Protein chains: 2
Amino acid sequence: MDIQTIRLACINCNVRALCLPIGLSSQELDSIDHLITLRRRVKRNALLFRNGDGLNSLYAIRTGFFKTSVAAVDGLDQVTGFHMAGEMLGLDGIVDNRHTCDAIALEDAEICALPFDRIEELSLSLRSLQHHVHKIMSHEIVRERDVMLMLGSMRSEERLAAFLLNLVHRLRARGLSHSELILRMTRKEIGSYLGLKLETVSRTFSRFVADGIIEAKRRHIDILDANALVRIVNQSERLRPDCIPIARGKER
Amino acid sequence: MDIQTIRLACINCNVRALCLPIGLSSQELDSIDHLITLRRRVKRNALLFRNGDGLNSLYAIRTGFFKTSVAAVDGLDQVTGFHMAGEMLGLDGIVDNRHTCDAIALEDAEICALPFDRIEELSLSLRSLQHHVHKIMSHEIVRERDVMLMLGSMRSEERLAAFLLNLVHRLRARGLSHSELILRMTRKEIGSYLGLKLETVSRTFSRFVADGIIEAKRRHIDILDANALVRIVNQSERLRPDCIPIARGKER
DNA sequence: CGACACCTTGAAGAGGTTCAAGAAATGTGG
DNA sequence: CCACATTTCTTGAACCTCTTCAAGGTGTCG
């Protein structure tokens, strides 16, 4: 394994706002200092954790891009989410004290391992942290529910449009371009996530290109007409705006 | 509104094991006594809460059967879950401090409203309660992910089979029959939950009946060959056993 | 008993999948 | 650094599942 680890306190972390509640008093910051975490690099295609692993820590993504998936015996797997900087991995493992999916880096990444028992311990004295944890978990519930809604009611064009809008929304919230994006995942992985076959994903991309909505050269996507994507997602009128993943990114 | 409310302490509740952690010391039970809850009856078809309502409480179902759904402007809605005694409603509302779905009773029901700020307060001194809350939320994340997997990869027969097995599994855990069940929801609601049209649900039921797997008289379902249902769910070999909703009920 | 909601079934049609082949990147080893 | 193997992506054609539209049946409740 090619993993480099560094011990460090969150108090010195420059992306702390992503994992920890904001507006802590200096007293509270002092106690946060006790939440020593393990920073780790994860190479592209490496597993951060796998289904069945014991849950020791939750993982905050500092940089990089992950997928979570549930693997099948024959090697097939279904992607359950794509995750980028500032998002938390491992929440599904709390129920049974073991991870129930695989987390794989789709590009070289850097994560912080937050020992879960320390989080719980610290939450006892830091009410804002406690509430923050509740919000993060609730947010994940809402995120997954939005995917459920998408899978249950949208057609291929709508799914892909919602997917693209959701991605650029999250990238934009991180200060990146809201028209250009480089996909870190394959068509197959997108299809797996969207409940479509890779051929359907490819065809739908081609249709978007033909309609002048996007430019696409393999993983390099250029969104020419974001409004058209919004119209495609809304055209069904089956969902209200707040059912659409794009309307509720990881942060607001 | 036809709602009857009773103030009472959890310590006297005979289904407390459903909402609260087990194995509390007598000291701890004393503090639980401060978690005064509001017990309430909810009539069939009545809303327990609706999308947009402020989040004051989480709701523990004492008796009865609920659906949660996200409504669309034109009256259509998508069912996001069916919930029975011992399950918790409202977890999705924590992120934004307001509910993001409707909760509707599908039969006369009785719930306990647990003030969320009291839960958080009490969690600060009761570590087992804190952990219990985390587990409940994590469990909901896993439940929804299993639905995602189903919607993303199963065909109609597999979905309905998984749905029936999941229902009887949960009913069985409550001491009810694992072969007979009375559906509290319409074909349309089942379809909405499974991402299918009501006609498809109806046809699939008919096929199961023709194959001798179940007997079905409208809402009254009799499972004659549960193994056949398991085989249908597994036949795809696309999912491991633990991806199937039935394998992970609300309790184990 | 009549109105209404719910369920079943049929036939035609649409959307997505499957199978197949080839093209374009990417990675690897010499 | 180039050649070759591999992975990824695109596109076509036939097929299949689910949907849509339609009609009739069944149960329930005032």
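On a predicted model such as this, the values are computed, not experimentally measured, just so you know. First the proteins, then the strands, lettered A, B, ... as listed; each starts at 1.
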Kindly indicate, with the supporting measurements, whether the criterion salt bridge (charged side-chain N to carboxylate O under 4.0 Å, His left out) is fulfilled by A/Glu157 and A/Arg203.
CA-CA 10 Å; A/Glu157 285 197 351; A/Arg203 275 184 247 273; over 6 Å; no
[X], nearest nucleotide to its side chain (from [options]):
X: A/Arg219; options: D/dC9, C/dC6, D/dA22; answer: D/dC9
X: A/Arg203; options: C/dT18, D/dC9, C/dC7; answer: C/dT18
X: A/Glu199; options: C/dA25, D/dC18, C/dC19; answer: C/dC19
X: A/Leu198; options: D/dT10, C/dT8, C/dT18; answer: D/dT10
X: B/Leu196; options: C/dT17, D/dT19, C/dA25; answer: D/dT19
X: B/Thr200; options: D/dT8, D/dT17, D/dT19; answer: D/dT19
X: B/Lys197; options: D/dT19, C/dT8, C/dA20; answer: D/dT19

Length of the line joining [X]:[atom1] and [N]:[atom2], which is rounded to integer Å:
X: A/Phe208; N: D/dT10; atom1: CZ; atom2: C1'; answer: 16 Å
X: A/Lys188; N: C/dT18; atom1: NZ; atom2: P; answer: 12 Å
X: B/His220; N: D/dT28; atom1: NE2; atom2: P; answer: 12 Å
X: A/Glu158; N: C/dG16; atom1: CD; atom2: C1'; answer: 14 Å
X: B/Ile221; N: C/dC7; atom1: CD1; atom2: C1'; answer: 12 Å
X: A/Leu194; N: C/dT17; atom1: CG; atom2: P; answer: 11 Å
X: B/Leu183; N: C/dA5; atom1: CG; atom2: C1'; answer: 16 Å
X: A/Glu107; N: C/dT26; atom1: CD; atom2: C1'; answer: 17 Å

Go nucleotide by nucleotide along DNA chain C from the 5' end; which of A/Arg218 and A/Gly195 gets its closest nucleotide reached first?
A/Gly195
Ion pair present between A/Arg41 and A/Glu110, side-chain N to carboxylate O less than 4.0 angstrom?
yes
Could you tell me whether A/Arg145 and A/Glu140 have a side-chain N and a carboxylate O separated by less than 4.0 Å?
no
Under 4.0 Å, heavy atoms only, any strand: does [X] hit a base, just the sugar-phosphate, or nothing?
X: B/Thr186; value: sugar-phosphate
X: A/Arg187; value: sugar-phosphate
X: A/Ser206; value: sugar-phosphate
X: B/Arg44; value: nothing

If you measure only the distance, is there a donor-acceptor pair under 3.5 Å linking the side chains of B/Ser69 and B/Asp102?
no
Is there a donor-acceptor contact under 3.5 Å linking the side chains of B/Arg170 and B/Asn166?
yes
Think B/Arg184 forms a cation-pi with B/Phe82, using NZ or CZ under 6.0 Å from the six-ring centre and within 45 degrees of its axis?
no
Looking at B/Arg207, I'd like to know whether one of its side-chain N or O atoms comes within less than 4.0 Å of OP1 or OP2 on D/dT17.
no
Is A/Ser156 close enough to C/dG16 that one of its side-chain N or O atoms is under 4.0 Å from OP1 or OP2 there?
yes
